[in-house]
Amino acid sequence: MDRIRIVGGAPLSGTLPISGAKNAALPLMIASLLTSETLSLENLPHLADVEQLTRILGNHGVDFSVDGRRPSQNGLYPRTAHFTAARIVDTTAPYELVSKMRASFWVIGPLLARMGEAKVSLPGGCAIGTRPVDLFIDGLRALGAEIDIENGYVLARAPKGLTGGRFEFPKVSVGATHVLMMAATLAKGQTVLANAAREPEIVNLAECLTAMGARIEGAGTSTITIEGVTSLSGARCGVIPDRIETGTYAMAVAMAGGDVLLEGARPDLLQSALDTLAQAGVEVSPTNSGIRIARNGAGIEPVDVTTEPFPGFPTDLQAQFMGLMTRAAGRSRITETIFENRFMHVQELARLGARISLAGQTAIVDGVERLKGAPVMATDLRASVSLVIAGLAAEGETIVNRVYHLDRGFERLEEKLSGCGATIERLSG
Ligand code: EPZ
């Protein structure tokens, strides 16, 4: 299994390109199930999760092609890929596939809307918490679906098609908002989604669905209104830049020191994280081509954060920010409110010399003067990259194991960081 080797201590400088967002690309790819015509996605990142979802969609009958180079080749960004679901050949998403990738459960919305039926495995537990699917089920029922759960599968039927309805989410959910928005595009009449997620990825999906002929208003606010149409067409849409990749590298620069332009990054996608970095003493300057992040000489100030749905501080940057705070001049408190079990990085950061204690959903981080390299591993993507960030400032060598987590969501991580002067390499085998 591949590992990443980092020798800490080098400041970062130069330009680091930001890729298309994983969490925008996945729902956009799934939206291709809604039409028999071709959906073309520009700026699709080259990631293990994107490849895995391509295979899953292939099982349902989606043909995939990519412009220019072959999909397996390295260094492909930005690339345009085409997804065509001319005929849906299977409305079942089996356990073997859905359990590997939670977002593949989201096919339930388009399959049900277009085909009147879907049989999708319950995703099961995952490393960051229990992550139930009750909101998807209640929401689809509000659109007239009949839903049963049998043998670990959700059986959803709407033989006469879905009908518009009102659904108020009791809790904000990105995935359930994606799914209900997609399902409602082909329902009869009007659907109103209240307390909907406002994440930029929701707006990206709504814009793409609109380009396909859907009638959607209010995406990006907490009330989304959808007027159903009888069919959707093909379209060409762009994937937004990855705000979590942007925040991660901003924290890497903050941690290692230096001056880097995050090329293609959009400040409006992660304002709360940028404000938090500025409070920590980091220079954050939006430019015409991206965001410049610099820390030259100044220390890292401790800042308390609480994760929240957008536009609050994102849970997907919590681990990375904790990595940064391990070197702050004082105590910070980091509270996780989205997932109940997203502190697996704490023990691993401690292996590098961090001082962190847990009090329920809050981590209390006492900054230390130095971290020391060690072998570490993590059980999810964002936790893994927090160890990379800590490794950039640790003395000596840090080896991050289980690199496949990083490959799920960071395109060419070691190449991008070494291009800015970090000593980081992939060790094969
Ligand atoms: C998306 O997951 C992201 N994944 C996650 O990123 C991200 O952490 C999360 O949103 C929150 O921002 C993708 O976009 C592919 P939720 P999602 O439904 O949609 C609870 C990463 O590292 N809930 O917004 O699955 C749930 O348990 C990943 O890239 C229910 O209770 O998250 C959680 O506590 C990890 N019932 C909260 O809502 C439901 O039916 C928010 O989850 C659905 C969710």
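Both ligands and their constituent atoms are indexed starting at 1 by order of listing. This structure is a prediction, so every number in the text was calculated from the model and none was measured. As a basis for the values below, the full set of heavy atoms in this structure was taken, side chains included, without hydrogen atoms, waters or symmetry mates.
Of all the atoms in ligand 1, the ones that sit under 4.0 Å from a non-hydrogen atom of Gly175 are 18 (O), 19 (O). Short contacts between ligand 1 and Lys22, defined as distances under 4.0 Å to a heavy atom of the residue, involve ligand atoms 21 (C), 29 (O). Here is the list of ligand 1 atoms found below 4.0 Å of a heavy atom in Arg102: 25 (O). In the vicinity of Phe136, heavy-atom distances shorter than 4.0 Å reach the ligand 1 atoms 40 (O), 43 (C).
The option from Thr315, Asp49, Asn23 that lies nearest to atom 15 (C) of ligand 1, judged by heavy atoms, is Asn23. The option from Leu135, Thr337, Asn341 that lies nearest to atom 23 (N) of ligand 1, judged by heavy atoms, is Leu135. Looking at Ile137, Ile338, Leu317, Asp316, it is Asp316 that brings a heavy atom closest to atom 28 (C) of ligand 1.
Neither the backbone nor the side chain of Asp380 has a heavy atom within less than 4.0 Å of ligand 1. At a 4.0 Å heavy-atom cut-off, ligand 1 does not touch Glu201 at all. Residue contacts with ligand 1, taken as heavy atom pairs separated by less than 4.0 Å, involve Lys171 solely via side-chain atoms from C-beta onward. The proximity of Arg342 to ligand 1, defined as any non-hydrogen pair under 4.0 Å, is limited to the side chain.
Looking at Asp2, its side chain never comes within 3.5 Å of a backbone N or O of Val403 through a donor-acceptor pair. In this structure, Gln318 contributes its side chain and Ile334 its backbone to no donor-acceptor pair below 3.5 Å. The closest donor-acceptor contact from the side chain of Arg79 to the backbone of Leu44 lies under 3.5 Å. Judged by distance alone, the side chain of Glu37 and the main-chain N or O of Gly234 form a donor-acceptor pair under 3.5 Å.
Listed by first and then second residue, the ring pair (Phe, Tyr, Trp, His ring centres under 6.0 Å) pairs involving residues 172-215 are Trp106-His178 (not counting sequence neighbours). For residues 200-223, every residue pair satisfying the salt bridge (Lys or Arg N to Asp or Glu O under 4.0 Å) rule, not counting sequence neighbours, is listed here: Glu201-Arg243.
Put simply, no part of Glu340 is less than 4.0 Å from ligand 1, judged by heavy atoms. Heavy-atom separations between Ala176 and ligand 1 are all 4.0 Å or longer. The closest approach between a heavy atom of Trp106 and any atom of ligand 1 is below 4.0 Å.
Between Phe83 and Phe64, the angle of the ring planes lies from 30° to 60°, which puts this pair in the tilted group.
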Ring pair (Phe, Tyr, Trp, His ring centres under 6.0 Å) between Tyr95 and Tyr153, worked out: CA-CA 8 Å; Tyr95 175 71; Tyr153 278 79; 7.8 Å; no

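In terms of N/O distances under 3.5 Å, ligand 1 is approached by Pro132. Between Val174 and ligand 1, an N or O atom pair is found at a separation short of 3.5 Å.
Atom CG of Asp268 has more than 12 neighbouring heavy atoms from other residues, nucleotides or ligands inside a 6.0 Å radius.
At least one side-chain heavy atom of Tyr249 sits less than 4.5 Å from a side-chain heavy atom of Leu417.
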